[in-house]
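Heads up, the thing below is written out as structure tokens.
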Amino acid sequence: MTPITTLVTTGSSPVSLATVLPNSGRCAKLLLVAFAGNSDRIAVGLAGMNLTTGNSVINDAMQPGDTLSLESQSDSNRVYAGLYYLNSPTSGQKMLCTQWIS
């Protein structure tokens with residue numbers, strides 16, 4: 001498997017991983033790491049995520065250095081990272097996204 005790392009920066013609205021990751025985000029494994037220099041938390045969610053209401057938010061408390069890993073048990077590109085979005089109450093927060101593509 002080939003690892004590819006992308007640095008994603010949050011803006012004023014949720015960022016779709018499908019728009020910033022290679023292969024439309026399809027991978028065998030995805031590792032998200034909240035950048036150590038962040039000043040605020042980052043949330044991971046689905047389309048329509050809303051930090052105020054909690055709608056479609058999966059994890060809203062990724063502090064600097066926190067990690068989240070998703071992995072396909074069959075070792076094929078069955079993780080659809082493109083389904084996920086990142087957002088933060090503070091624009092400019094960063095997430096390191098590493099994909100392993102088989």
Side-chain angles (χ1 to χ4, degrees):
M1 283 190 282
T2 305
I4 300 170
T5 300
T6 305
L7 182 63
V8 179
T9 303
T10 62
S12 58
S13 59
V15 177
S16 168
L17 292 183
T19 63
V20 295
L21 297 181
N23 203 31
S24 298
R26 289 185 77 161
C27 55
K29 180 178 179 180
L30 176 68
L31 175 64
L32 303 176
V33 181
F35 197 66
N38 285 345
S39 62
D40 203 351
R41 63 188 165 83
I42 293 184
V44 178
L46 302 172
M49 73 181 290
N50 183 307
L51 294 179
T52 303
T53 64
N55 183 54
S56 298
V57 174
I58 296 169
N59 180 338
D60 73 343
M62 289 192 70
Q63 300 295 328
D66 284 353
T67 64
L68 176 66
S69 179
L70 302 168
E71 187 170 356
S72 169
Q73 296 302 310
S74 64
D75 217 21
S76 62
N77 292 336
R78 294 189 180 193
V79 173
Y80 299 102
L83 296 174
Y84 300 100
Y85 288 72
L86 303 178
N87 200 1
S88 177
T90 305
S91 292
Q93 304 307 297
K94 296 175 175 44
M95 181 80 79
L96 292 170
C97 303
T98 303
Q99 299 170 273
W100 283 264
I101 300 172
S102 58

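Just so we're clear, the structure is a prediction, and the values are computed from it rather than from any experiment.
When atom types are taken as modelled, the side chain of Asn77 and the backbone of Ala28 share a donor-acceptor pair closer than 3.5 angstrom. In this structure a side-chain-to-backbone donor-acceptor pair under 3.5 Å is present from Asn59 to Ala61. For the pair Ser72 (side chain) and Ser74 (backbone), a donor-acceptor distance under 3.5 Å is present.
Across all non-hydrogen atoms, the minimal contact from Gly48 to Ser56 is C-CB, 4.1 Å. Val57 and Ala43 get closest at one heavy-atom pair: CG1-CB, 4.4 Å. Nearest heavy atom pair, residue Trp100 against residue Pro3, reads NE1-CB, 3.5 Å. The nearest pair of heavy atoms linking Pro14 to Tyr85 is CB-CD2, 3.9 Å. The heavy-atom pair separating Val33 from Leu31 by the smallest distance is CG2-CG, 3.9 Å.
A side-chain hydrogen bond (donor to acceptor under 3.5 Å, both in side chains) check over residues 36-45, counting only residues at least two apart or in different chains, returns the pairs Ser39-Gln93, Asp40-Thr90. For the side-chain hydrogen bond (donor to acceptor under 3.5 Å, both in side chains) condition, the pairs that include at least one residue of residues 5-20, sequence neighbours left out, are Thr5-Thr98.
In summary, the side chains of Arg78 and Ser76 do present a donor paired with an acceptor at a separation below 3.5 Å, with no hydrogens or angles considered.
Gln99 pairs by the side chain to side chain donor-acceptor pair (under 3.5 Å) definition with nothing, not counting sequence neighbours.
Note that the CG atom of Leu51 and the OG atom of Ser88 stand 7.5 Å from one another [nearest 0.5 Å].
When hydrophobic residues (I, L, V, M, F, W, Y) are linked wherever their side-chain heavy atoms come within less than 4.5 Å, the members clustered with Met95 are Val8, Val15, Leu17, Val20, Leu21, Leu30, Leu32, Ile42, Val44, Leu46, Ile58, Met62, Leu68, Leu70, Val79, Tyr80, Leu83, Tyr84, Leu86.
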